[in-house]
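Order of the sequence lines sets the chain letters (A, B, ...), proteins ahead of strands, with each chain counted from 1.
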Number of protein chains: 2
Amino acid sequence: MATHRLRFTADFLDPRAAATAASHLVDGPTATHLARTFAALADPTRLRLVSALSHVELCVGDLATLLGLTQSAVSHQLRLMRSLRLVKSRRAGRVVYYALDDDHIHDLFHRGLEHLQHQ
Amino acid sequence: MATHRLRFTADFLDPRAAATAASHLVDGPTATHLARTFAALADPTRLRLVSALSHVELCVGDLATLLGLTQSAVSHQLRLMRSLRLVKSRRAGRVVYYALDDDHIHDLFHRGLEHLQHQ
DNA sequence: CTAAAATATGATTAGTTGCTCATGTATTCA
DNA sequence: TGAATACATGAGCAACTAATCATATTTTAG
């Protein structure tokens, strides 16, 4: 949580508040990493894929039919989601089944939904 | 959570799995709305602003100094964050103080951090 | 009233993104 | 082996985004 030490010689209007803020400020690399995690959930298609896969695994074609998208669009998104460890794949013959890789993702997704309903 | 009724005459490879997925699939508008929430946290600068404001309010200039950004860049982000109800502002003379508008946002932010550390 | 300080905002731009289209790869079946 | 099925992928494009630069607005001090 704490960042590198700061010189408060810079003229802050409120040095005390700035010091408090600084002690909680996340550093750049951490912020970038965390931003990538949220960015993974910052797209309607990916959110719908997460919700579809939240209780059952599905193959690419069925996901495409379900969401009303082309197979290509879904496959591109799944590749991205796999690189981000959101989903994992399992091959069965010529069919590839996708499932959530991690409960945490579904948890974040659910927290987000709760946040929506609570306002 | 449940979406509109689906015709399963479409040839799903696995109709049972598809029906299960459909019952959990979020609809388009909800997904779009939720995506906007996550998108608000999908930027390193906004995440750092949230962390800075997590325990204290700060004025625009001090936020800019703290993050090492221009006043303009910070002001633009704060305007966006205000429109998304992430932060609220309070004017005191010619200084405008910003604070988190909602505990839920800090909660989501924290959940995300936990997710990072847990892998 | 005027200058200065603090913040807000419009225009522009480089970078990113999500989809489509065409094509490539892998696997099964006749 | 060859056709068909399921999925993956590269190129290209339109839409979006976050920063910069210049300028406008608001408020205080003199």
Exercise. Mind checking the OG-CG spacing from A/Ser83 to A/Leu78? Nearest 0.5 Å is all I need.
Key: 11.0 Å
Practice problem: Among residues two or more places apart or on two chains, list those pairs meeting ring-ring contact (aromatic ring centres under 6.0 Å, His included) that have a residue in residues 53-97 of chain B. | Solution: A/His24-B/His55, B/His55-B/His106
Where do N or O atoms of nucleotides 14-19 of chain C meet protein N or O atoms at under 3.5 Å, pair by pair?
| from | atom 1 | to | atom 2 | distance (Å) |
| --- | --- | --- | --- | --- |
| C/dG18 | OP1 | A/Arg46 | NH2 | 3.2 |
| C/dG18 | OP2 | A/Arg46 | NH1 | 3.1 |
| C/dC19 | OP1 | A/Thr45 | OG1 | 2.8 |
| C/dC19 | OP2 | A/Gln77 | NE2 | 2.7 |

Quiz item: Excluding sequence neighbours, so at least two apart, what forms salt bridge (charged side-chain N to carboxylate O under 4.0 Å, His left out) with A/Arg79?
Solution: none
Exercise. With sequence neighbours excluded, give me every salt bridge (charged side-chain N to carboxylate O under 4.0 Å, His left out) pair touching residues 52-73 of chain A.
Key: A/Glu57-A/Arg90
Practice problem: Without swapping roles, check the side chain of B/Ser75 against the backbone of B/Ser72 for a donor-acceptor pair under 3.5 Å. | Solution: no
Exercise. Check whether any side-chain heavy atom of A/Phe12 sits under 4.5 Å from a side-chain heavy atom of B/Leu58, and report yes or no.
Key: no
Quiz item: How long is the line joining CG of B/Leu63 and P of C/dA8, in whole Å?
Solution: 11 Å
Practice problem: Summarise protein proximity over nucleotides 2-8 of chain D in one line of letters, 5' to 3': B for base, S for sugar-phosphate only, - for none, counting protein heavy atoms closer than 4.0 Å. | Solution: --BBSBB
Quiz item: Which other residues end up in the same hydrophobic cluster as A/Val56, if Ile, Leu, Val, Met, Phe, Trp and Tyr are linked when side-chain heavy atoms come under 4.5 Å apart?
Solution: none
Practice problem: Write down the distance between CG (B/Leu41) and C1' (D/dT17), rounded to a whole number of angstrom. | Solution: 16 Å
Quiz item: When the ring planes of B/His104 and A/His115 are compared, do they come out parallel, tilted or perpendicular, using 30° and 60° as the limits?
Solution: perpendicular
